[in-house]
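Inspection log for the structure reproduced underneath, given as structure tokens.
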Amino acid sequence: MQGAQRRSESWVRHSREVARGARQAERLAVDRETAVRGFLLTGNALTLAPELAARRALPELLDSLGEMTRDDAGQQRRLAAIRGAIARWDREFAEPALARGAASSPPSTPSTPSQADVRARLAGKPLFDEVRAAFDAFVRAEDAVYATQVRRNSVLRLASGAAILLELMALVLVLVWLRNRVAAQTAGLVAKQQQLEEQAVELEVQTEELREANHTLEQQAVEMELQTTELTAANASLTESQDRYRRLVDSAPYGMLVHRDGQIVFANAAAAHILGFEQADDLLRRDVYGLVHPDDRGQVRDRVRQNLDTGAATPLAELRMLRPDGTTVEVETVGIPLMHDGAPAVQVVLRDASGRKRLEAQFRQAQKMEAVGQLAGGVAHDFNNLLTVIISYSGMLLTELPASDPVRADVQEIRRAAERASALTRQLLAFSRQQLLEPQVLDVNVVVRDLQRMLHRVLREDVRLVTVLAARLGRVYADAGQLEQVIVNLAVNARDAMPTGGTLTVETADVDLDGEYALTHAGVTPGHYVMLAVSDTGVGMDAATQARIFEPFFTTKPLGHGTGLGLATVYGIVKQSGGHVWVYSEPGVGTTFKVYLPRVSAPLTRPRSGPYPAVARGSGTILLVEDDETVRRAARRILEQAGYQVLEARDGAEALRVAGTNGTGAVRVDLVITDVVMPAMSGPEFVAALREARPDVPVIFMSGYTDDAVLRQKLVEPGVAFVQKPFTPEGLARKVGDALSGAPPQVEP
Ligand SMILES: Nc1ncnc2c1ncn2[C@@H]1O[C@H](COP(=O)(O)OP(=O)(O)OP(=O)(O)O)[C@@H](O)[C@H]1O
Ligand SMILES: [Mg+2]
């Protein structure tokens, strides 16, 4: 009886130990679960320290529980259930959670849990509930064992004493009550804790959501700021580009305006300038058609209609526009349809065409002059040879005929007519720039001063001559006689333009013509020039007359009063000298002719000294080379009459033969007179060949014509003499005398 009771008491103790062990094991499991959740919550690896300890201790404790309940098959099964539940929790919750934590954050660095972590924490709960349930089942079974043992114990004690029994029963009751109370309290606490945890999780989820919303908001704010910056930049560049385009339009050399329903709504400065307004604003709100010449308005209306109907630009057109001062301006325009303030409008681009038209007219005029010049020059050349023959023979006839001969007067008429014709031909040659010039470095002031007395004779008494000569004037390279011709022709025209008297002004000045001048004056090369201006206060000319004055044979004078060759000659001489001539004239006010000759830096050529020596008879042998037989014969007659022996040759080769330079024995030749332009060998070529054998023989070139500028250049070298065809017997004889006496070559009178 005593032994059985002792055994039973030992069972009761054993059962309590098992229950305690189970509770301890459950706490370890709870520790693990708390640690893992804490880790998921905070990401802090330090929170895992209790988990590691519990994970190590738990199996040992479960093993010793297994040992203690070795004889209890029921408890062994429940223990297996506990192990199974823990293993499942480990596999499905703890291990993945720890693995994710280790991957997402470095150890011991707290981090913000992700939403996935939060969801994982929630998923772990049912698994751990199973662990708890398994433990509960184990403890409940052990409690049952305990209760059985207690009951058996009490039966045994019944026998040992009612007091002890009562005591025990009271104790049991107290214990049961206590246990129930503790259990109830524990259950309440656990429920509370679970509820709190759930709320915490929920709060975390909400916090997370809030954080995410905040993050999104922050991102949106940054994005908005970016957009604002971009907008500000775009706005600035738009303003800048608007500014740039406005400046472009404002400073454009083309006029631009926009009109809507015929009313100007925009204009730039160039448009105002072209149309004769002070500033662009003066054009605003004006009727665009009112600015167009009445004759062109219909055309403009058609073009605008075309713009608006087709939506396409109209091609370039020339129009006349009216300026506020009543003058007309010719413009080139293009119309482009566009929208202006939401309404269809037309943009007009315009360019002042008057400058271009003026230049075109100048070019056309220059071309015409060139063509007419060639024609005139060609005729004059052949004509010249004929006149040389007529003048030569009539001259010789006159010297041969006695003074009383009745035929003499007729011959004199022939000669006078031929001389007039010769003067005309010279003018034509001058115009065609095919005259042989004898340029030298000149002071234009000297030429004007020398000419002054002659001008007074040419002008009438009612015309006052004023000379305004520059104190310092550059030099020019020109033929003095031809320059005199220019001044005389201009002066005579001025006189004729002032039938009731007036003032003729001759002015000189150094002038630099710049690029801009060259742009508006066809054919002008920018550079330094000497200007010679001849002005009058006469009747002036209208534009139509001005356009034609330089043409040969253009005259407004009555028949027999003008040949129309004066200005043609001026034009030819000036052009041949590398210069330019322009006219400025206004009807009823007067006219100015401006001649520009290129300035040169070479020193002045020695001035002409004294009058020409009188024609004298001479002696010696002259080699005469001329391809035109009639001219050759005439020249021979003149020379023989003057006392010279003449050797004739038709061309250079024959001349070289005659001169004996080809080894057939030298013939004495005192002077060579040769034509310039000849077939096969030119005069200069022949002279060059001749000079190899006879370096010292004097040479006179004879020509009325050459179109070879290089040839001309060679001829006018200092020391080269020439005689212009047609020549007079006196002129030729004088030249020959000069050449033979070694006098320097002189300008022909
Ligand atoms: N200073 C001037 N004022 C007004 N008109 C002028 C002046 N100079 C020339 N003209 C006009 O130019 C025309 C041509 O002049 P140009 O000297 O070539 O011939 P012309 O004087 O008529 O005849 P020519 O000079 O051959 O005797 C003149 O008929 C005249 O109408
Ligand atoms: Mg004239």
Side-chain angles (χ1 to χ4, degrees), residues 361-362 365-366 368-373 375-377 379-380 383 417 419-433 435 448 451 454-460 462-468 481-507 531-576 579-596:
Q362 285 174 8
Q365 179 72 2
K368 189 164 75 181
M369 301 290 266
E370 193 67 42
V372 177
L375 184 72
V379 173
F383 209 56
E419 270 164 2
R420 277 204 303 278
S422 163
L424 264 177
T425 327
R426 267 168 190 269
Q427 281 179 298
L428 275 182
L429 278 173
F431 168 69
S432 61
R433 292 180 249 161
Q435 178 173 236
V448 174
L451 205 62
M454 208 278 243
L455 285 180
H456 276 297
R457 273 206 308 277
V458 168
L459 302 174
R460 291 186 315 272
D462 58 358
V463 174
R464 198 161 70 94
L465 174 66
V466 176
T467 51
V468 186
Q482 299 301 320
L483 190 55
E484 285 172 356
Q485 186 72 60
V486 167
I487 300 169
V488 170
N489 286 8
L490 293 176
V492 169
N493 280 351
R495 178 201 67 195
D496 294 346
M498 298 185 286
T500 55
T503 305
L504 170 78
T505 310
V506 181
E507 195 184 338
M531 182 204 67
L532 168 76
V534 178
S535 311
D536 64 60
T537 54
V539 294
M541 286 170 267
D542 58 17
T545 307
Q546 281 181 50
R548 299 194 56 193
I549 48 171
F550 293 113
E551 289 173 22
F553 305 112
F554 173 80
T555 178
T556 57
K557 291 169 188 170
L559 204 64
H561 282 84
T563 54
L565 279 172
L567 288 178
T569 307
V570 168
Y571 183 88
I573 293 170
V574 172
K575 286 283 164 190
Q576 200 179 347
H580 307 285
V581 55
W582 305 101
V583 63
Y584 304 90
S585 184
E586 228 174 279
V589 177
T591 302
T592 296
F593 281 92
K594 283 188 179 176
V595 172
Y596 295 94

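When a ligand or atom number is given, it counts from 1 through the structure's own listing order. Any value given below was found using the heavy atoms of this structure, including those in side chains, with hydrogens, waters and symmetry copies removed. Nothing fancy with the numbering, it's 1 onward along the sequence.
- Between Leu504, Asp496, Asp536, it is Asp536 that holds the heavy atom closest to atom 1 (N) of ligand 1.
- Nearest protein neighbour of atom 30 (C) of ligand 1, counting heavy atoms only, is Thr556 OG1, 3.4 Å.
- With distances taken over non-hydrogen atoms, the option nearest atom 17 (O) of ligand 1 out of Asn493, Val534, Thr591, Thr537 is Asn493.
- Ranking protein heavy atoms by distance to atom 22 (O) of ligand 1, first place goes to Thr555 OG1, 2.5 Å.
- If you check which protein heavy atom lies closest to atom 3 (N) of ligand 1, you get Ala497 CB, 3.1 Å.
- Checking only distances, Lys557 does come within under 3.5 Å of ligand 1, N or O to N or O.
- Residues Gln546 and Asp542 have side chains that never bring a donor and an acceptor to within less than 3.5 angstrom of each other.
- Residue Asp536 holds its CG atom at 7.0 Å from OG1 of Thr592, rounded to the nearest 0.5 Å.
- Atom 26 (O) of ligand 1 has its closest protein heavy atom at Thr563 OG1, 2.5 Å.
- Closest to atom 18 (O) of ligand 1 among all protein heavy atoms lies Leu567 N, 2.9 Å.
- Note on the Mg ion (ligand 2): protein N, O or S atoms under 2.8 Å away count 1, no waters included.
- Remark: minimum distance from atom 5 (N) of ligand 1 to any protein heavy atom is reached at Met541 CG, 3.4 Å.
- Considering only non-hydrogen protein atoms, atom 19 (O) of ligand 1 sits nearest to Gly564 CA, 3.2 Å.
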